[in-house]
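Have a look at the structure below before the remarks.
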Protein chains: 2
Amino acid sequence: MDRFRGVLKENNIKCTKGRLSILKILEENKEAANAERIYEKCSKEGVKIDLSTVYRTLELFEKMSLIEKFDIGEGKYNYLFKEHNHKHILHCKLCDKNLEIDCPMPQVSDIIKSKTGFVLVEEEIKFSGICKDCAKINKRKEEK
Amino acid sequence: MDRFRGVLKENNIKCTKGRLSILKILEENKEAANAERIYEKCSKEGVKIDLSTVYRTLELFEKMSLIEKFDIGEGKYNYLFKEHNHKHILHCKLCDKNLEIDCPMPQVSDIIKSKTGFVLVEEEIKFSGICKDCAKINKRKEEK
DNA sequence: CTGCGTGCAAATGCTTTGCATATGT
DNA sequence: ACATATGCAAAGCATTTGCACGCAG
């Protein structure tokens, strides 16, 4: 349990029972969970906490890069402890610049799962396109 | 303009000024648009219509498979005229069954665009995983 | 002791729905 | 004429925010 205290201290986050409990729950969870689910788990562990506090805590953890928040559609979000996160490269076809983004697959994966019950275990993706800056330049050319 | 009347008739949808206008706007739009944007375009064309009617019309068109509704996160949706829609195969690694889904890339694309300004123009994806039925069987095995 | 964290209630923003009226066929 | 489409206002729902009080450092 002191491990979690340490994590919070390292990130200059004040220790409170709620935050410790949420951190623990997130760390133990392999799968992404939503605020409600985390709220319920807190209750089960006897930690009385308000749902709004759960949201605020998750927001804080995300800002501190302890977890990743991802949008699963319908205005809902899941939260996942950062551990095996990986990135993707967006390669601009015009300027050859590379831009790094968090892997968007957890979202796709969750969407597909909720709609079809299909669980993705493997995927290969290659992204390429046109970056913001090049898009601007392109637009200017078109306007001439 | 009669083209649109025809489309509605074919689908047994009553013709109203609002529906015609929305169908026209959708057909002319290359990019996916949200209800608000469609509502604004109606107004610009002098078609007075309520936002709730726009939503109901979009819901109807989607049910009739004239358009595709896709979730772009934050509880928001975009609508796209069906024309160049393509599908993907989900291949189950356990039973070898194939499941067809609408390409999830428009969503990913819109999400990436809104967050980074990067416009995807090309992607290669290969999905494989475990289908609903096999997941069930697997679970049963684990429980033993 | 002081500022940050919290509970509670109310607000938000997009979308959906109920109901009385208007409109297409 | 009759069912169905529409406008208006109000409800839904996950998430966010304002405010007064409470607790960690």
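Naming: A, B, ... by sequence-line order, numbering from 1 per chain. Worth saying up front: this structure is predicted, and the values here are computed from it rather than measured.
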From CG of Leu20(A) over to P of dG5(C), roughly how many Å is that when rounded to an integer? 13 Å
Rounding to an integer number of Å, can you tell me how far Glu59(B) CD sits from dT6(D) P? 13 Å
Without decimals, in angstroms, what is the distance between Tyr39(A) OH and dC8(C) P? 9 Å
How many Å lie between NZ on Lys76(B) and P on dC13(D), as a whole number? 20 Å
Ranking Asp50(B) and Lys9(B) by the position along DNA chain C of their nearest nucleotide, the one closer to 5' is Asp50(B)
Of the candidate nucleotides dT6(C), dT16(D), dA9(D), which contains the atom at the shortest distance from the side chain of Lys69(A)? dT16(D)
Between Asn12(B) and Ser52(B), which residue's closest nucleotide on DNA chain D lies nearer the 5′ terminus? Asn12(B)
Name the nucleic acid region contacted by Lys48(A), choosing base, sugar-phosphate or nothing; use a 4.0 angstrom heavy-atom cut-off, strictly under. sugar-phosphate
When all nucleic acid strands are considered with a 4.0 Å heavy-atom cut-off, which category describes Arg56(B): base, sugar-phosphate, or nothing? base
Any donor-acceptor pair under 3.5 Å from Thr57(B) side chain to Thr53(B) backbone: yes
CG of Leu51(A) versus P of dA14(D): gap in Å, rounded? 10 Å
Would Lys69(A) and Tyr79(A) count as a cation-pi pair here, with the cationic atom under 6.0 angstrom from the ring centre and within 45° of the axis? no
Shortest side-chain distance from Tyr55(A), nucleotide among dA14(D), dA5(D), dT25(C): dA14(D)
Geometric cation-pi criterion, Lys24(A) with Phe4(A): 6.0 Å, 45°: no
Could you tell me whether Arg3(A) and Glu27(A) make a salt bridge, using a distance below 4.0 angstrom between a side-chain N and a carboxylate O? yes
Heavy-atom side-chain proximity of Lys14(A) to Leu8(A) below 4.5 angstrom: no
Send over the distance from Lys14(B) NZ to dA1(D) P, rounded to a whole Å. 15 Å
Closest to the side chain of Thr16(A), out of dG7(D), dT6(C), dG25(D), is dT6(C)
Ile49(B) atom CD1 is separated from dC8(D) atom P, nearest whole Å, by 12 Å
Rounded to the nearest Å, what distance is computed from the CZ atom of residue Phe70(A) to the C1' atom of nucleotide dT15(D)? 17 Å
